[in-house]
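One structure below.
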Amino acid sequence: MPRSTTVTSSSELSSLDTSSRTSTPPPPSPTKSRRQPVPLRLNSIGIDPSVLVGKVLTRISRSSKHPSMQLHFSDDITYQILVDGYDPIHRGLPKELEMDPCFGSLLDAADGQLNVDLTIDDCTLITLTDKAFESRQRQQRWDQNHIAVAFKFSQDQAWHCVWATLTDHENGHCVFRSYDDVYLEQLQRSPRKRRPRAPSPPTKSQ
């Protein structure tokens, strides 16, 4: 049974990403250095991330079966971080959400379910550039632009970032690695159906 971990103090939050305090761009992925974020394309899908600003985040949950993450807020609204083009039926190459190492380690330690009490100070989509590669026939490397979700809490003023990767392995070795776009979407809950009321038993006439 997954256990929950609560993060409430700024001292605990500072462990998420201490390096990002000294720079404005969100933290890099573990593999490559990052350029200054470039303006986002205008036709990105999903909701405007600015709607999260000022909301109080109470829980973060990461799916163990799909590349998705849910952000639960105190107003009972839940938003998801999803991978653009992901089909849960026809999945294709394995896709995975990645994030800055300290933030990811907290979710790993909490088995993907993290209780928090954090106010979103800023949230935006950014374009990142990473080195993708393929080594099936001959080694190839190229710059891959992809969209990530970046957010900052008022409690620590550090940027945290979530992005998506897709990989392929042969004989236990990674032979392909690239990146996909992510986006934010509000989780639409199905309305609860009311159970039909049982008919009242007939009353006996006096």
Side-chain angles (χ1 to χ4, degrees), residues 1-30 34 37 40 44-84 86 95-128 146-165 180-190:
M1 180 177 181
R3 63 182 185 275
S4 297
T5 301
T6 301
V7 179
T8 56
S9 67
S10 58
S11 60
E12 289 175 285
L13 282 167
S14 63
S15 66
L16 292 180
D17 187 4
T18 55
S19 63
S20 62
R21 289 178 179 273
T22 58
S23 59
T24 53
S29 67
R34 190 78 69 202
L40 182 66
S44 58
I45 64 175
I47 65 167
D48 184 350
S50 65
V51 302
L52 271 62
V53 175
K55 289 180 175 290
V56 178
L57 182 64
T58 58
R59 186 161 61 93
I60 304 170
S61 55
R62 182 176 56 191
S63 173
S64 60
K65 297 180 179 179
H66 305 284
S68 65
M69 180 183 297
Q70 292 187 354
L71 308 175
H72 307 266
F73 291 90
S74 60
D75 57 3
D76 294 327
I77 297 178
T78 299
Y79 297 89
Q80 295 178 294
I81 299 178
L82 303 170
V83 179
D84 190 358
Y86 174 73
K95 297 176 175 62
E96 183 178 357
L97 289 183
E98 294 186 355
M99 59 213 72
D100 50 286
C102 293
F103 186 47
S105 65
L106 281 179
L107 275 173
D108 291 338
D111 291 338
Q113 305 286 332
L114 183 65
N115 291 331
V116 296
D117 184 13
L118 304 169
T119 302
I120 302 291
D121 189 63
D122 200 357
C123 186
T124 187
L125 298 180
I126 59 172
T127 299
L128 306 178
H146 57 107
I147 294 174
V149 176
F151 49 92
K152 182 167 58 175
F153 303 126
S154 60
Q155 284 83 352
D156 70 344
Q157 291 298 304
W159 282 105
H160 308 288
C161 192
V162 179
W163 61 92
T165 62
D180 262 345
D181 296 340
V182 299
Y183 64 99
L184 277 166
E185 196 66 84
Q186 182 176 341
L187 178 63
Q188 302 295 336
R189 302 184 185 277
S190 301

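Quick note: numbers below take in every heavy atom, side chains included, and nothing from hydrogens, waters or symmetry partners.
- Checked against ring-ring contact (aromatic ring centres under 6.0 Å, His included), Tyr183 has no partners two or more places apart in sequence or in another chain.
- Closest approach of Ala148 and Val182 over heavy atoms only: CA-CG2, 3.6 Å.
- Between His160 and Phe103, the ring planes are tilted. Angles from 30° to 60° get that label.
- Asp122 contributes atom CG, which lies 4.0 Å from atom CH2 of Trp159 (distance to the nearest 0.5 angstrom).
- Between the side chains of His72 and Thr78, a donor-acceptor pair is found at a separation under 3.5 Å.
- Checked by atom type and distance alone, the side chain of Asp181 never pairs as donor or acceptor with a backbone atom of Asp84 at under 3.5 Å.
- The two atoms that bring Leu128 and Cys161 nearest to each other are CD1-SG, 4.0 Å, heavy atoms only.
- Residues forming a side-chain hydrogen bond (donor to acceptor under 3.5 Å, both in side chains) with Gln186 (at least two apart in sequence, or on another chain): none.
- Pairing each heavy atom of Val53 with each of Asp121, the nearest pair is CG1-O, 3.6 Å.
- The line from CG of Leu71 to CG of Leu57 is 5.5 Å long, rounded to the nearest 0.5 Å.
- Shown here are the side-chain hydrogen bond (donor to acceptor under 3.5 Å, both in side chains) partners of Ser68, two or more places apart in sequence or in another chain: there are none.
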For this session: Would you sort out whether Leu107 and Met69 count as a side chain to side chain contact (heavy atoms under 4.5 Å, CB included), showing the intermediate values?
Result: CA-CA 11 Å; Leu107 275 173; Met69 180 183 297; 3.8 Å; yes
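- Residues Leu52 and Ile47 approach most closely at CD1-CD1, 4.2 Å, considering heavy atoms.
- Between Ile45 atom CD1 and Glu185 atom CD the span is 7.5 Å, to the nearest 0.5 Å.
- For Ser50, the side-chain hydrogen bond (donor to acceptor under 3.5 Å, both in side chains) test picks out Asp48, with sequence neighbours left out.
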For this session: Verify side chain to side chain contact (heavy atoms under 4.5 Å, CB included) between Asp117 and Thr58, making sure each step is shown before the conclusion.
Result: CA-CA 5 Å; Asp117 184 13; Thr58 58; 5.6 Å; no
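- By the 4.0 Å N-to-carboxylate-O rule, Arg62 lies too far from Asp111 to be salt-bridged with it.
- The two atoms that bring Lys65 and Tyr86 nearest to each other are O-OH, 4.3 Å, heavy atoms only.
- The structure places CG of Leu187 at 11.0 Å from CD1 of Ile77, a figure rounded to the nearest 0.5 Å.
- Note: Leu125 CG to Leu184 CG = 6.0 Å, rounded to the nearest 0.5 Å.
- Here the closest heavy-atom approach between residue Arg59 and residue Val116 is recorded as N-CG2, 3.9 Å.
- For residues 68-77, the set of pairs meeting the salt bridge (charged side-chain N to carboxylate O under 4.0 Å, His left out) definition, not counting sequence neighbours, comprises Lys55-Asp75.
- A heavy-atom distance below 4.5 Å is not found between the side chains of Lys152 and Ile120.
- Under a 3.5 Å cut-off, the side chain of Gln155 and the backbone N or O of Thr119 do form a donor-acceptor pair.
- Interatomic distance, CD1 of Ile126 versus OG1 of Thr124, reported as 7.5 Å (0.5 Å rounding).
- A heavy-atom distance below 4.5 Å is found between the side chains of Gln70 and Ser61.
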